[in-house]
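Following: one structure in structure tokens, then a few remarks.
Every chain is numbered from 1, with letters handed out A, B, ... down the list of sequences.
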Amino acid sequence: MNMLTSLMLLPLIGALLISALPTTKSLLAKQMTLGTTLLVAIGVIVMAIRFDTSKTDLQFVETHSWIPTFGINYSVGVDGIALVLIILSALLAPIVVLAGWNESSGGRWSAKTFYILVLVLETMIIGVFSANDLFLFYVFFEAMLIPVYFLIGGYGTGQRNAAAVKFLIYSLLGGLLMLASIIALYVLSGEQSGHTFNINTLSQLQMSSTTQNLLFLGFFIAFAIKAPLWPLHTWLPDAAQSATPGTSVLLLGILDKVGTFGMIRYCLTLFPEASKTFTPLILVLAVISIIYGAFLAIGQKDLKRLIAFTSISHFGFITMGIFAMTSQGHSGATLYMFNHGFSTAALFIVGGWMMSRRGSSKISDFGGLQRVTPVMAWSFFIAGMSSLALPGLSSFVSEFLVLVGTYTRYPVAAIIGTFGIVLAALYILIPVQRALHGPTMPGNEALSDLNLREKIAIAPVIAIIIALGFYPSPLLNIINPASTHTITQAGFTDPLAQIDPKAGK
Amino acid sequence: MTSNSLVYLIALPLFGAAVLLLSGRRSDRWGHIFGTLMSAGSFAVGVSLFLKMLGNPTGERALTQKLFSWISVGSFQVDAGLLADQLSICFVLLITGVGTLIHVYSIAYMSHDLDRRRFFAYLNFFIAAMLLLVLGDSYLNLYVGWEGVGLASYLLIGFWNQKPTYATAAKKAFVANRVGDMGLSLAIMIAFATLGTVSFQGVKEHASQASTGSLTAIGIMLLVAATGKSAQFPLQAWLGDAMAGPTPVSALIHAATMVTAGVYLITRSNFIFDLAPTAQLAVAIIGAITLLFGAIIGMAKDDIKKALAASTMSQIGYMVLGAGLGPAGYAFAIMHLLTHGFFKAGMFLGAGSVMHGMNDEVNMRRYGGLRKFMPITFATFGLGYLAIIGVPPFAGFYSKDKIIEVAFNAGGVKGIALGTAALLGAMITAFYMTRVVILTFAGSKRWDDKAHPHESPFLMWAPMVLLALGSVASGFFFTHGNSLRNWLAPVVEATPSHEGELLSPAVVSILALVLVAIGVGYAIIKYLLNEVPQVAPADVTVFTKAARKDLLQDNFNEAVFMRPGQSLTRGLQVADTKLIDGAVHGIARLAIGSGNLLRKTQTGFVRSYAMWILAGAIALVATIWVVTL
Amino acid sequence: MNPANYLYVSALLFTIGAIGVVVRRNAIVVFMCVELMLNACNLAFVTFARINGNLDGQVVAFFTMVVAACEVVVGLAIIVTIYRSRRSASVDDASLLKR
Amino acid sequence: MTDFIVPKLSYVQLSPILIVLGGALIGVLIEAFLSRKVRPIAQLTITLGSLILALIQLWHIRHESSLTAAMGSVAIDGATILMQGSILLIAILAVALIADNEHFTVLAAAVPGSPEERDSLQSGEKLTEVFPLTLFAVAGMLLFPASNDLITLFVALEMLSLPLYLMAGLSRRRRLMSQEAALKYFLLGAFSSAFFLFGAAYLYGYSGSVSLAGIRAAVVGGSGNDVFLLMGIAFLSIGLLFKVGAVPFHAWTPDVYQGAPTPITAFMAAATKVAAFGAMLRIFYTSLANANWDWRPMMSIIAIITMLFGSVVAIAQRDVKRMLAYSSIAHAGFLLTGVIALNKSGLDASIFYLFAYGVATVGAFGVVTLVRDSSGEVTDLNKWAGLAKRSPFAATLFAGFLLAFAGIPLTSGFIGKFSIFSAAYESGNKSLVIVGVLSSAIAAYFYIRVIVLMFFKDAADDGTSVIIPSILTRSTLIITSVITILLGVYPAPLLNFINSLASFVR
């Protein structure tokens with residue numbers, strides 16, 4: 001069987017096995033989940049090694065007829081961009097399980113259910129990134145919401161019901177708008193080439209510019225809600241605040257990438273002309289997101305909301321990179337998705353430990369943690385540094401690529417975006433100062449430092465953050481052919497330098 | 001020429017930092033020694049490289065090392081490459097040399113601190129980052145080091161971050177630096193968009209093909225970067241607060257090395273500034289403003305470290321001014337940077353030594369007459385003092401006078417204005433440095449009985465002595481036969497010819513010495529011959545009050561950036577919940593509300609239902625009628 | 001005589017019946033109004049049969065009568081049951097189910 | 001005098017209808033002659049038996065296609081077969097729910113609260129008339145979409161409606177409400193039948209023929225009086241739109257759904273919709289297809305109003321059955337887009353949608369029958385809070401059906417929604433698709449609200465409990481949920497089947 005399909009089935013099988021366990025055996029459920037996610041991670045790494053970086057077309061392709069009446073196929077395959085995101089998901093999953101070992105205990109239902117949901121979600125995540133059939137993509141895109149909804153509503157804290165509903169309604173609204181566009185594409189394909197959902201075929205459809213613009217909007221709004229872009233972002237802070245840290249990692253670290261991934265894979269590929277038309281508007285929204293997210297992050301008093309707003313700022317960068325339509329912007333954006341996954345994961349995981357120990361997510365309740373729990377404080381600090389894109393850490397490479405890629409075509413957007421890096425310093429250093437520095441606040445004296453399990457969980461995250469900062473080539477080699485291909489397909493070439501660097505020699 | 005050992009310069013201290021941080025408390029007992037050895041090892045590598053370069057012919061001295069391809073996307077190609085040319089190696093020797101001395105000093109200075117190991121880890125990390133800054137072969141590599149030293153500076157300023165003010169100072173430094181960094185990243189972006197490359201070599205080769213406008217933009221952005229890192233006007237506010245860090249840090253980072261990175265950046269980018277006269281002029285003006293600004297603040301400070309910090313700001317102003325004067329000035333800027341590295345580091349260590357003996361008291365009004373208790377400190381500090389005010393034949397005389405001279409000779413009004421500013425600065429420098437020395441070492445004792453001033457241990461005074469030797473001899477050594485200038489010539493392409501001299505070197509020296517004498521004399525009259533109150537007098541001029549408050553720079557920043565920023569944040573928060581989320585909830589409420597409203601049509605009366613059907617029927621017939629008509 | 005006049009009458013009857021359903025409260029009367037409407041339909045059918053010159057319409061009328069009879073059976077059963085429970089034949093009294 | 005022509009009837013093609021009718025008659029005889037003790041089991045056997053037999057028989061004739069099954073009165077074609085199959089299957093599933101006698105009063109004629117009623121309840125007897133009534137209704141429903149002339153249409157309409165009027169009033173609990181539902185359903189049903197008949201008269205007047213083929217010929221020829229045609233279309237539509245519950249002819253739906261015994265609600269919500277839409281599709285796709293310029297705008301407006309109204313008002317509901325009623329109104333709107341599409345994919349999509357929706361509806365009401373307290377079923381949504389704690393089984397099933405109604409992928413509802421919207425889009429009715437999508441989003445809100453209630457709210461200790469379902473109910477629940485999921489995950493076989501069969505013989 002094809003690797004992608006096997007990787008999708010693996011967590012599903014794990015979920016089935018766990019569902020056969022009695023509810024009381026929560027430890028076994030955890031161990032089995034960890035084992036399954038590790039297996040998937042190993043499988044994905046093997047796949048990454050076997051991935052041929054010299055090709056631009058999809059690899060590991062598998063196609064079966066699914067609903068022939070509508071020309072729907074079960075068709076999967078990955079290019080570099082999708083592969084990187086699958087790697088991200090597969091690596092983060094075991095870390096989330098290990099880091100949030102006791103996360104499932106405070107929920108409405110048993111730990112068993114929690115892990116079943118997580119595993120089902122992993123299947124869908126791999127599916128959504130590897131789908132090569134628009135219908136299949138949509139199925140995963142929507143079905144994914146259900147496990148997340150239950151993860152937030154069932155295991156979260158605070159206003160979890162409202163947050164879960166808000167998340168779901170927002171996402172469903174976007175999804176339904178996209179459905180309208182998908183239906184239109186389907187009908188158009190029927191008129192022009194026979195009903196199909198094959199993305200390649202769909203990308204060659206002829207349509208009037210009005211149609212293209214409208215259909216593009218259907219897709220884009222769905223993705224902009226997911227990613228989330230200002231002003232469609234308000235569900236994210238609520239969801240992040242209510243979800244458990246592990247769920248937040250899955251949500252912000254992985255799931256929201258479906259939005260930006262979709263912009264690359266679907267918006268640009270299917271509607272190149274409309275993408276051009278809307279680029280100015282989208283860049284404005286992206287820039288607003290960067291600055292707006294940063295300002296709101298600065299003002300947050302709740303650690304989880306703060307991280308959520310930093311993510312909104314970061315998603316602004318990613319969107320900006322995508323719509324800059326340069327190879328640097330695109331590769332940078334894809335790399336950014338990966339790096340943001342890890343730095344947000346680090347923030348949420350360590351932040352989660354801090355919060356569960358202190359029993360509060362208010363930043364002002366912390367203080368002086370560096371003295372009490374140095375390892376935890378350091379982990380948080382490094383995560384924060386990664387979030388503000390400190391050079392030498394992974395996110396710097398991607399952020400800079402996005403900025404430089406944007407500057408070559410849209411200098412003004414890049415310049416305003418650059419202000420974001422100053423604000424980033426503020427939104428990271430303010431909580432760092434309040435939580436880690438200063439005198440040890442009452443209530444924090446007896447907090448325990450990270451235990452071995454937690455150290456094992458956070459170590460690979462930090463290792464990847466640092467390693468990719470200095471040596472991002474393995475990922476860039478995977479991403480570059482795909483992003484160049486996307487740019488070319490959308491009808492763009494990189495802007496040339498004012499002078500040709502080779503001419504001088 | 002390629003060399004495979006460049007990477008060890010950085011790798012050794014980086015390894016030291018990693019070991020010290022990861023091993024935790026286990027390395028408490030030997031961490032400081034290990035850290036010092038790593039720094040010393042790096043110094044040794046530096047010296048050997050320097051000797052190797054000396055052995056090569058002038059044109060082939062630059063050493064390069066390509067480690068791997070760092071970022072490669074489309075035409076954006078950046079290697080992880082190192083470049084040690086004549087300019088870099090000066091910095092390498094300064095950083096590792098002074099750095100190692102300060103490591104040694106810190107062994108003793110920090111011996112009572114529980115976190116000494118962590119302190120050494122940070123110091124090692126700083127050395128590594130600073131070396132990366134000066135060794136990177138492209139702007140992007142430099143950027144990594146650039147922010148790396150910023151981080152090290154942040155960590156070290158906030159080393160005692162349990163004190164909220166210290167933590168705030170650290171944050172302030174980082175943020176101010178980030179503003180500068182924004183300039184640097186914009187400069188890199190413009191460079192890439194204009195020239196298609198960001199390596200020093202590439203930019204240098206193609207700069208002449210680019211438009212002046214682009215080059216000016218790059219230059220201005222590089223200047224912004226330099227003002228952040230080097231505490232130049234208008235991003236200077238953080239330096240005074242940065243004195244919150246342990247004194248060795250102030251000596252190493254906030255006097256000798258990191259804060260001079262801006263001068264390095266401008267000098268390194270000479271190929272851009274030489275083609276962008278506007279940007280170059282801006283550099284010179286910023287330098288001139290800052291040198292006066294810092295000097296004025298220096299006159300009013302009672303905190304010995306803050307006085308020295310103001311002085312640093314001012315001295316770097318000289319360097320920036322020098323670098324802004326183009327090919328004629330680069331070498332002198334670097335020379336002043338190196339000599340300043342010696343004497344200012346020496347004086348900071350001296351200040352640290354004084355504090356060490358005075359229970360960490362920093363207020364000079366509570367010192368007085370300490371020369372008897374701390375003779376070595378007094379001697380080394382004194383030598384540094386003579387160097388900074390520019391008394392021949394101490395180091396400062398050579399470097400500073402040259403900058404003043406070049407400034408006067410820059411031509412026209414510009415030359416006179418810049419030269420006058422520099423001269424004036426020299427006078428003020430003489431005044432406030434004399435004030436520092438008198439308040440600290442001369443006069444009568446003003447401390448209370450709790451303090452027991454004593455000389456510092458060997459490990460502390462030995463580095464001070466070595467640095468004092470540097471303050472005495474380095475100036476002569478660098479100027480002898482134009483050694484430094486010739487050494488740097490391949491990098492900065494010094495063209496000594498300028499169109500006619502306005503003032504000859506001798507005139508400049510005499511003028512400067514006269515002004516210095518006035519400054520010293522006034523300080524003696526004011527502080528040695530008159531009683532110094534223990535508490536700073538309140539009935540002073542508005543001018544003094546402003547100088548005490550750093551010429552209101554914090555007030556300005558607060559009023560112009562911080563307050564509006566905070567209001568904006570609050571405003572956006574309200575907007576987010578009320579407007580954006582409010583709209584979302586509004587739509588939801590609209591749906592629910594209309595649901596509740598329409599629900600009332602379901603009255604429960606069957607006749608009203610029949611009415612609906614009848615009305616529907618009429619409407620239907622009407623619609624069909626209208627449509628078909 | 002113009003057959004259209006029969007159609008007008010039928011339409012009038014239908015309208016009277018429909019308005020009666022809406023206006024009257026007594027379930028039996030309401031039901032009778034429905035029957036009136038059905039008979040209006042019958043009249044229309046028969047008229048059209050005449051106009052069209054075939055018998056189909058008249059056949060429908062017979063079917064309608066039979067169906068109407070069945071409706072009466074069911075309808076009266078329901079109305080009587082509810083009258084017994086509520087002691088009222090007003091359709092307005094039966095309004096527990098609403099909103 | 002002309003010779004008497006012996007009517008030629010194709011008994012094979014009519015056999016499903018005849019079997020069901022036969023079963024109903026046997027049921028009446030059972031009521032008359034068998035002792036009360038054996039009646040329940042006998043009735044159940046006969047009912048299920050005849051339904052299953054009819055289904056089997058239907059399978060055998062699935063490829064038949066003729067207009068002559070009953071002298072042109074009944075059309076047997078792919079569409080008929082598919083509709084009848086759906087109705088039979090839904091009826092079988094619903095009968096399994098009806099078999100739980102707990103829902104029905106023993107003596108329908110008894111006054112609520114009277115000693116008579118008490119006695120009858122205490123006797124432990126069971127109401128069994130409901131079975132033959134069901135079969136009669138089913139027979140009417142089978143005939144309705146197959147009817148090929150106005151007479152048969154009207155007769156079938158009454159045949160399916162009259163038993164339902166009665167069945168709505170059979171509830172054991174809340175008798176007054178149940179009777180009120182019956183009254184309302186009856187009066188309004190009769191009222192709308194009159195409109196239907198009036199419309200039929202005008203169509204006859206327009207075309208001079210009662211057969212759909214004759215009307216079609218007249219419409220194509222375009223020779224008749226257009227006023228008659230338009231009046232005919234408008235009034236005939238009212239009768240049909242009433243049955244499917246389209247706004248503004250919907251008002252009976254919530255009241256009747258709420259008042260009727262839940263198994264009956266399940267049956268009529270699902271099966272009536274199939275039958276009524278079946279007839280509607282046949283009329284509009286065959287007879288009136290060429291007059292689509294006349295009726296499409298009006299139907300589009302109704303579809304839009306129906307979708308929005310159903311979704312919006314459902315948000316404000318506090319009773320689960322009423323909420324499902326409004327949801328069914330919204331779904332009627334979605335289905336109308338399939339009628340308006342007026343193309344082959346619209347037909348296929350509507351049939352699939354009807355089947356998927358019907359099955360899920362039976363399942364959803366099936367779950368409603370399980371939630372009870374001391375006074376019977378609990379339909380107050382507030383008391384459904386924390387249902388997942390009381391019974392994860394029931395809550396999960398119900399959530400699954402709700403997600404199917406909401407059209408979440410991997411459920412049958414999504415495939416249905418996709419196919420019907422794409423058919424509408426294909427026919428150029430883009431605005432319908434947009435409104436459909438928007439109201440789906442609104443609808444999603446209240447489905448999710450119920451899920452929140454069941455899963456994320458804590459249960460109050462108010463005596464609400466979930467009973468353990470009988471084997472029949474349980475199998476209905478399991479079969480409906482399996483079909484709902486299966487049609488979402490792998491709908492290809494059914495879609496292929498529908499695609500190959502669905503067509504109208506003309």
Side-chain angles (χ1 to χ4, degrees), chain A residues 169 231 233-234 292 295-296 298-299 326-328 331-332 368 370-371 374-375 378 385 390-392 396-397 400-401 403-405 407-408 411 414-415 418-419 421-422 424-426 429-430 433 436-440 470-473 476 480 483-484 494-501 503-505, chain B residues 21 24 68-76 80 140 143-148 151 154 158 161-164 166-168 170-171 174-175 177-179 181-182 185-186 188-190 192-197 202 205-206 209-211 214 565-566 568-570 572-573 576-577 580-581 583-584 588:
Chain A
I169 295 291
H233 64 278
T234 53
Y292 187 93
F295 266 113
L296 277 165
I298 291 171
T326 58
S327 54
Q328 290 86 24
S331 293
Q370 201 180 47
R371 308 276 139 188
V375 181
W378 265 101
M385 288 297 115
L390 188 83
F396 168 71
V397 178
F400 196 80
L401 275 175
L403 284 172
V404 88
Y407 187 87
T408 52
I415 290 169
T418 312
F419 279 98
I421 72 172
V422 178
L426 282 169
L429 292 184
I430 289 174
Q433 186 190 347
L436 309 184
H437 297 166
T440 307
F470 283 101
Y471 195 58
S473 301
L476 279 176
N480 278 339
S483 53
T484 318
D494 282 354
L496 287 176
Q498 276 181 15
I499 57 130
D500 185 3
K505 285 181 187 163
Chain B
L21 284 177
F68 49 83
S69 167
W70 181 29
I71 304 177
S72 154
V73 179
S75 54
F76 189 79
L140 204 63
Y143 192 18
V144 177
W146 189 265
E147 286 232 347
L151 174 64
Y154 168 79
N161 59 36
Q162 62 270 43
K163 253 187 134 169
Y166 287 14
T168 308
K171 185 179 70 189
F174 196 98
V175 172
N177 269 297
R178 267 256 154 166
V179 176
D181 298 348
M182 194 179 86
S185 55
L186 279 173
I188 301 175
M189 285 176 226
I190 305 171
F192 175 70
T194 320
L195 304 162
T197 175
E205 274 172 24
H206 303 297
Q209 291 158 268
S211 69
S214 307
Q566 283 171 342
L568 183 62
T569 306
R570 273 192 297 273
L572 286 179
Q573 268 181 309
D576 198 56
T577 43
I580 297 180
D581 218 23
V584 174

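- With a 4.5 Å cut-off on non-hydrogen atoms, A80(B) does not touch chain A at all.
- At a 4.5 Å heavy-atom cutoff, Y166(B) makes no contact with chain A through either its backbone or its side chain.
- Looking at R371(A) and P439(A), their side chains never come closer than 4.5 Å, going by heavy atoms from C-beta outward.
- Counting heavy atoms from C-beta outward, W70(B) and V397(A) have side chains that approach closer than 4.5 Å.
- Ring orientation note: the planes of Y154(B) and F174(B) are nearly perpendicular, at an angle over 60° on the 30°/60° scale.
- Contacts between L401(A) and chain B at a heavy-atom distance below 4.5 Å involve the side chain alone, from C-beta outward.
- Applying the salt bridge (Lys or Arg N to Asp or Glu O under 4.0 Å) test to D581(B) and every residue at least two apart in sequence or in another chain returns K166(A).
- Applying the side-chain contact (heavy atoms from CB on, under 4.5 Å) test to T408(A) and every residue at least two apart in sequence or in another chain returns T326(A), P495(A), F192(B), A193(B).
- Highest contact tally toward chain B, considering only S327(A), G299(A), A425(A), G438(A), is held by G438(A) [criterion: heavy-atom pairs under 4.5 Å].
- Proximity to chain B is absent for every atom of I169(A), based on heavy atoms less than 4.5 angstrom apart.
- Of the two parts of V584(B), only the side chain, counted from C-beta on, holds a non-hydrogen atom closer than 4.5 Å to a non-hydrogen atom of chain A.
- We find the CD-OG1 distance between Q162(B) and T440(A) to be 8.5 Å, quoted to the nearest 0.5 Å.
- Counting heavy atoms from C-beta on, the side chains of Y407(A) and T418(A) never come closer than 4.5 Å.
- Of the atoms belonging to S214(B), it is side-chain heavy atoms, and not backbone ones, that fall under 4.5 Å from chain A.
- Only the side chain of F396(A) comes within contact range of chain B, with heavy atoms under 4.5 Å apart.
- Contacts of S473(A) with chain B are made by both backbone and side-chain atoms, with heavy-atom separations under 4.5 Å.
- Comparing A583(B), G148(B), A167(B) by heavy-atom pairs within less than 4.5 Å of chain A, the highest count is held by A167(B).
- A heavy-atom distance below 4.5 Å is not found between the side chains of I71(B) and Q328(A).
- Ranked by heavy-atom pairs shorter than 4.5 Å toward chain B, the options V375(A), L403(A), I415(A), I430(A) are led by L403(A).
- Heavy atoms closer than 4.5 Å to chain A are found in the side chain of L21(B), but not in its backbone.
- Within the 4.5 angstrom heavy-atom criterion, only side-chain atoms of L476(A), from C-beta onward, approach chain B.
- In this structure the side chain of Y143(B) reaches within 4.5 angstrom of the side chain of S185(B), judged on heavy atoms.
- Residue contact with chain A, scored on non-hydrogen atoms closer than 4.5 Å, involves the side chain of L151(B) exclusively.
- Interface residue F68(B): only side-chain heavy atoms are found under 4.5 Å from chain A.
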R178(B)/L426(A) under side chain to side chain contact (heavy atoms under 4.5 Å, CB included): CA gap, chis, key distance, verdict: CA-CA 10 Å; R178(B) 267 256 154 166; L426(A) 282 169; over 6 Å; no

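- Taking L568(B), D181(B), N177(B) one by one and counting their heavy-atom pairs under 4.5 Å with chain A, the maximum is reached by L568(B).
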